[in-house]
Amino acid sequence: QVQLVESGGGLVQAGGSLRLSCAASGRTFGSYAMGWFRQAPGKEREFVAAINWSGGNTYYADSVKGRFTISRGNAKNTVYLQMNSLKPEDTANYYCAAGRAPGTPTNEYDYWGQGTQVTVSS
């Protein structure tokens with residue numbers, strides 16, 4: 001079992017930065033791929049970024065490539081999402097997830113956090 005708790009969301013002006021954290025509990029955290037997803041009101045949950053179990057491979061949605069960076073610290077059981085140059089369209093509830101592979105579909109992930117709200121004002 002893996003339990004995930006996100007933090008770091010908030011209100012920021014366009015062009016600003018935030019760093020989201022996802023704290024994981026469970027002895028097998030290091031063997032899971034991790035992903036960040038987001039969901040805006042009235043929209044489906046969408047892939048943002050993912051990282052494999054070792055941290056050696058990362059994947060990004062085109063809409064965030066070059067602005068967001070995903071990283072993980074296995075010793076600290078934490079995965080991060082550094083978000084720079086934020087835009088109003090980045091406004092959403094952000095979720096971290098743990099799964100067997102760093103894919104884009106939501107059904108590839110077995111465990112989900114409760115989410116943290118990110119609001120970007122124009």
Side-chain angles (χ1 to χ4, degrees):
Q1 282 281 358
V2 175
Q3 294 182 327
L4 306 172
V5 178
E6 303 95 335
S7 62
L11 174 64
V12 64
Q13 288 189 332
S17 298
L18 282 174
R19 188 176 82 154
L20 305 184
S21 299
C22 175
S25 62
R27 291 176 293 177
T28 59
F29 170 73
S31 65
Y32 282 91
M34 299 297 296
W36 283 98
F37 290 75
R38 65 188 182 187
Q39 188 167 18
K43 295 188 177 181
E44 292 188 355
R45 191 168 297 189
E46 66 174 3
F47 171 78
V48 175
I51 190 167
N52 72 334
W53 69 273
S54 70
N57 293 300
T58 57
Y59 309 86
Y60 298 94
D62 288 342
S63 58
V64 307
K65 202 170 294 184
R67 300 188 298 122
F68 290 12
T69 303
I70 188 171
S71 60
R72 67 186 301 164
N74 285 332
K76 297 181 178 180
N77 279 11
T78 305
V79 63
Y80 305 98
L81 185 68
Q82 177 67 43
M83 305 186 296
N84 299 329
S85 302
L86 283 161
K87 305 175 181 180
E89 51 263 44
D90 294 317
T91 295
N93 206 11
Y94 283 70
Y95 299 87
C96 71
R100 294 147 285 173
T104 57
T106 57
N107 61 11
E108 290 196 11
Y109 293 83
D110 301 314
Y111 303 100
W112 292 84
Q114 294 299 307
T116 185
Q117 178 67 35
V118 171
T119 303
V120 185
S121 63
S122 57

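The ring pair (Phe, Tyr, Trp, His ring centres under 6.0 Å) with Y32 is formed by just one residue from the set W53, Y111, Y109; it is Y111. Evaluated for a side chain to side chain donor-acceptor pair (under 3.5 Å) with Y94, the options R38, Q39, Q117 yield exactly one hit, R38.
Closest non-hydrogen pair, A98 versus V2, comes out as CB-CG1, 4.4 Å. In terms of heavy-atom proximity, Q114 sits nearest to N93 at O-ND2, 4.1 Å. Between L4 and A24, the closest heavy-atom pair is CD2-CB, 3.6 Å. Pairing each heavy atom of T78 with each of S21, the nearest pair is CG2-CB, 4.2 Å. The two residues P102 and A33 come nearest to each other via the heavy atoms N-CB, 3.4 Å. The shortest non-hydrogen separation linking Q82 to S17 is NE2-CB, 4.0 Å.
The main-chain N or O of G55 is never found under 3.5 Å from a side-chain atom of R72 such that the two would form a donor-acceptor pair. A distance-only check finds a donor-acceptor pair linking the side chain of N52 to the backbone of N57 [under 3.5 Å]. Between the side chain of S85 and the backbone N or O of G15, no donor-acceptor pair lies under 3.5 Å. Side chain of T91 to main chain of T119: no donor-acceptor pair is present (N/O by atom type, distance under 3.5 Å, no hydrogens or angles).
Put simply, I51 and Y60 are part of the same group of oily side chains (I, L, V, M, F, W, Y) that touch within less than 4.5 Å, one to the next. Side-chain heavy atoms closer than 4.5 Å link hydrophobic residues (I, L, V, M, F, W, Y) into clusters, and following such links, even through other members, never connects W112 to L20. The hydrophobic cluster containing I70 also contains L86, counting ILVMFWY residues as joined when their side-chain heavy atoms lie under 4.5 angstrom apart, directly or transitively. Grouping the Ile, Leu, Val, Met, Phe, Trp and Tyr side chains by contacts below 4.5 angstrom, directly or via other members, places V12 with F68.
Crowding of E89 atom CD: a count of heavy atoms from other residues, nucleotides or ligands under 6.0 Å exceeding 12.
Salt bridge annotation for K65-D62: present, with a cationic side-chain nitrogen under 4.0 angstrom from a carboxylate oxygen.
For the atom pair N84 CG and L18 CG, the distance stands at 9.5 Å (nearest 0.5 Å). Atom SG in C22 sits 4.5 Å away from atom CE in M34 (nearest 0.5 Å). Within the model, atoms OG of S122 and NZ of K87 stand 14.0 Å from one another, a figure rounded to the nearest 0.5 Å. Here S25 contributes atom OG and Q3 contributes atom CD; the two are 4.0 Å apart, rounded to the nearest 0.5 Å.
Aromatic pair F37/F47: centroids less than 6.0 angstrom apart.
With a 6.0 Å cutoff to the six-membered ring centre and a 45° limit on the axis angle, R45 counts as a cation-pi contact of Y95.
Using modelled atom types and a 3.5 Å distance limit, the side chains of R19 and Y80 yield no donor-acceptor pair.
With contacts defined as side-chain heavy-atom distances shorter than 4.5 Å, the pair M83/D90 does not qualify.
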